[in-house]
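Right, one structure below, let's go through it.
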Number of protein chains: 2
Amino acid sequence: MSRAENRVEITRTIQETARRHLAEVGPAALSLRAIARDVGMVSSAVYRYFPSRDDLLTALIVEAYDELGDAVERADAGVRRRTDLAKRFLAVCDAIHDWARANPHEYALLYGSPVPGYAAPDTTVPAAARVTGAFLRLAQESEREGDDLGAPTRAVGSTERKALDGVRPALESPVADDRMVRWLIAWSTVFGHTSLELFGHMHRGILDYDAHFAQVTGQLAADLGLTRVP
Amino acid sequence: MSRAENRVEITRTIQETARRHLAEVGPAALSLRAIARDVGMVSSAVYRYFPSRDDLLTALIVEAYDELGDAVERADAGVRRRTDLAKRFLAVCDAIHDWARANPHEYALLYGSPVPGYAAPDTTVPAAARVTGAFLRLAQESEREGDDLGAPTRAVGSTERKALDGVRPALESPVADDRMVRWLIAWSTVFGHTSLELFGHMHRGILDYDAHFAQVTGQLAADLGLTRVP
DNA sequence: CAAAAACAAGAGCACTGCTCTCGCAATGTG
DNA sequence: CACATTGCGAGAGCAGTGCTCTTGTTTTTG
């Protein structure tokens, strides 16, 4: 085995081990030394592959974003009737929720408190954008379909219009401001719900997380005009 | 100064110093030894007052919940026309958002990733309940007023009704299930928005956080039937 | 006033991330 | 092919962490 091959191999082994540790003990308790022991190396040797603990964290963050992005895109693509935006929206929401419940520590790494002293490098941006991208894609398609919003929606003033300027470059086809606000609300709600649930704030309040999440996302779909309330 | 007085004094000094450190370096980087140095003690002496780092964290969590609870209740009480539920709702939302922006590390401690290996004791529950309580109180008042919801709202099935059983004991007067779902959505949205904003997920997407937050909470108020969309 | 409890200080243990040096082995080049 | 270069693993070491235990002192209590 050539030296270069060996290097990628060992790098992968370290990252896989780190990922296992992450899933077990969470991001803050991730120990580079413990990972090295598990791999069968001395701790200083790991630094040949990851310059610092933060770089290892970055790799794990990108990996997690990609995995979540895969899950979301797969869920969206799995809906056969592409015009059924409600179904696609619900599939995306469920994918996020399911992935988060299956990988709570990874979810916390992505959407929980930022690791102190750690600034996410630009590497993570495109990976992170995939999840948000799924929402934005659906928003654009809904706009193209000319769907009416399912609930009375406030007009967007000039201040808010300017505030939304940052998201427009990410769009290929335009989305009306009021519709965009609704989609951003849905985005906040889905992640807010998931975080509150996973971080224990619904404890003893909501007795069936899945049922409640389904009710909430169903309501969001209605507000977005993707379904009608009977 | 008597020994008992001295004890509460020192306990408070330690906690205040810890609070300062928390605001500067964040919860994960909180060092008991650094706090001890700052207070002018040796680290082992701190253990006379807080049996472990987690107990100190618990004290900080309760303090933060109380502070946020104070801010929220003060905001609610500050609205003169008590029947103007929209104004009160917006005041509560703004209080949360403002406090979070002013105390990002404290917010992360409360609503970010749980500290690993740390299980919040029951002491924190009543303090945490004050914030949620503000939402629930408004929900009950809105129900008593007989307000119509501002947007078509899906019926609540038996599964979701059961899921909501956990929140009912916290109510003094009943709230219809569909209205409760809308208020829980608002709760998730407010904290979801705040977390996404503070944890950097709106970076370069939303250019004016305050404007966007106002637009979102305004929309929530409308959906809750507290205001009418013109 | 003596016994008991509370306390501050220090040493020490088992960790952590990270740096540096030292040999060894694989690789590239004259 | 021989030699210099480079990559790499191991180890020692530094400064820091949470936490425990012992020692001597001070305060409170019986």
Side-chain angles (χ1 to χ4, degrees), chain A residues 1-22 24-61 105 109 114-121, chain B residues 1-15 17-22 24-61 105 109 113-121:
Chain A
M1 177 148 33
S2 94
R3 201 155 206 174
E5 287 171 336
N6 213 320
R7 190 180 172 78
V8 308
E9 174 96 359
I10 293 182
T11 308
R12 190 168 47 218
T13 306
I14 293 174
Q15 191 167 335
E16 279 168 7
T17 309
R19 173 66 188 268
R20 277 208 326 274
H21 283 220
L22 170 64
E24 282 167 19
V25 301
L30 243 191
S31 155
L32 208 143
R33 288 177 113 111
I35 294 165
R37 272 197 301 275
D38 204 348
V39 175
M41 272 177 164
V42 92
S43 76
S44 61
V46 177
Y47 285 83
R48 298 264 174 213
Y49 302 90
F50 294 92
S52 79
R53 183 177 168 280
D54 283 2
D55 291 88
L56 182 53
L57 261 179
T58 300
L60 292 176
I61 288 174
H105 283 128
L109 181 62
V115 180
Y118 170 82
Chain B
M1 176 148 35
S2 90
R3 199 155 210 173
E5 286 172 334
N6 213 321
R7 187 176 174 79
V8 309
E9 173 96 2
I10 294 183
T11 307
R12 191 167 47 218
T13 306
I14 293 174
Q15 190 168 336
T17 310
R19 172 66 188 268
R20 277 209 327 277
H21 283 220
L22 170 64
E24 282 167 19
V25 301
L30 243 191
S31 155
L32 209 143
R33 288 177 112 112
I35 294 165
R37 269 196 304 273
D38 205 348
V39 176
M41 272 179 165
V42 94
S43 75
S44 60
V46 177
Y47 285 84
R48 298 258 172 217
Y49 302 89
F50 293 93
S52 79
R53 185 176 168 278
D54 283 1
D55 291 270
L56 182 53
L57 261 180
T58 299
L60 293 175
I61 288 175
H105 284 129
L109 181 62
S113 333
V115 180
Y118 171 81

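Side chains are part of it too, since the values below use all heavy atoms of this structure and drop only hydrogens, waters and symmetry mates. This one's a predicted model, so the numbers in the text were calculated from it and none came from an experiment. Below, chains carry the letters A, B, ... as their sequence lines are ordered, and counting in each starts from 1.
Ion pair A:Glu16/A:Arg19 not flagged as a salt bridge, since none of the NZ, NE, NH1 or NH2 atoms sits closer than 4.0 Å to an Asp/Glu carboxylate oxygen.
Of the inter-residue distances, the one linking A:Thr58 atom OG1 with A:Arg53 atom CZ reads 10.5 Å to the nearest 0.5 angstrom. To the nearest 0.5 Å, atom OH of residue B:Tyr49 and atom CD of residue B:Glu9 are 10.5 Å apart. To the nearest 0.5 Å, atoms CD1 (A:Ile61) and CG (A:Leu56) are separated by 10.0 Å. Atom CG of residue B:Asp54 and atom CG of residue B:Leu60 lie 11.5 Å apart, to the nearest 0.5 angstrom.
Atom CG in B:Leu56 sits roughly 10 Å away from atom P in D:dG18 (whole-Å rounding). If you take CD of A:Glu5 and C1' of C:dT27, they are 14 Å apart, rounded to a whole angstrom. Atom CG of A:Asp38 is separated from atom P of C:dC15 by 15 Å (rounded to the nearest Å). Rounded to whole Å, the distance from CD1 on A:Ile14 to P on D:dC8 is 11 Å. Distance A:Leu32 CG to C:dT19 P: 11 Å, rounded to the nearest Å. Counting to the nearest Å, the C1' atom of D:dG9 and the CZ atom of A:Arg37 are 17 Å from each other. Atom CZ in B:Phe50 sits roughly 16 Å away from atom C1' in C:dC7 (whole-Å rounding). Between B:Arg53 atom CZ and C:dT16 atom P the separation is 15 Å, expressed in whole Å.
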(request) Starting at the 5' end of nucleotides 21-26 of chain D, put B wherever the base has a protein heavy atom under 4.0 Å, S where only the sugar-phosphate does, and a dash everywhere else. (result) B----B
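For the OP1/OP2 pair of C:dA8 and a distance below 4.0 Å, the side-chain nitrogens and oxygens of B:Tyr47 include no atom meeting the criterion. The shortest distance between the side-chain N/O atoms of B:Ser43 and the OP1/OP2 oxygens of D:dT17 is not below 4.0 Å.
The shortest distance between side-chain heavy atoms of B:Gln15 and B:Phe50 falls below 4.5 Å.
Counting only N and O atoms by type, the side chains of A:Ser52 and A:Asp55 include a donor and acceptor under 3.5 Å apart.
Proximity note for A:Tyr49 (side chain, C-beta onward) versus C:dG17, D:dC8, C:dT16: the nearest is D:dC8.
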Show me the donor-acceptor pairs within less than 3.5 Å that the side chains of residues 25-48 of chain B make with the rest of the protein, sequence neighbours left out.
from	atom 1	to	atom 2	distance (Å)
B:Ser31	OG	B:Arg33	N	3.3
B:Ser31	OG	B:Ala34	N	3.0
B:Asp38	OD2	B:Arg20	NH2	3.1
B:Asp38	OD2	B:His21	NE2	2.9

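In this model, no side-chain donor or acceptor of B:Arg33 finds a partner on the base of D:dG16 within 3.5 Å.
Using a 4.0 Å heavy-atom cutoff across all strands shown, B:Ile10 reaches sugar-phosphate atoms only and no base atom. At the heavy-atom level, A:Ile35 lies nowhere under 4.0 Å from the strands shown. Using a 4.0 Å heavy-atom criterion, one finds that B:Leu30 contacts the sugar-phosphate atoms exclusively.
Between its opening and closing five pairs, the helix from C:dC1-D:dG30 to C:dG30-D:dC1 changes axis direction by 0°, a value rounded to 10 degrees.
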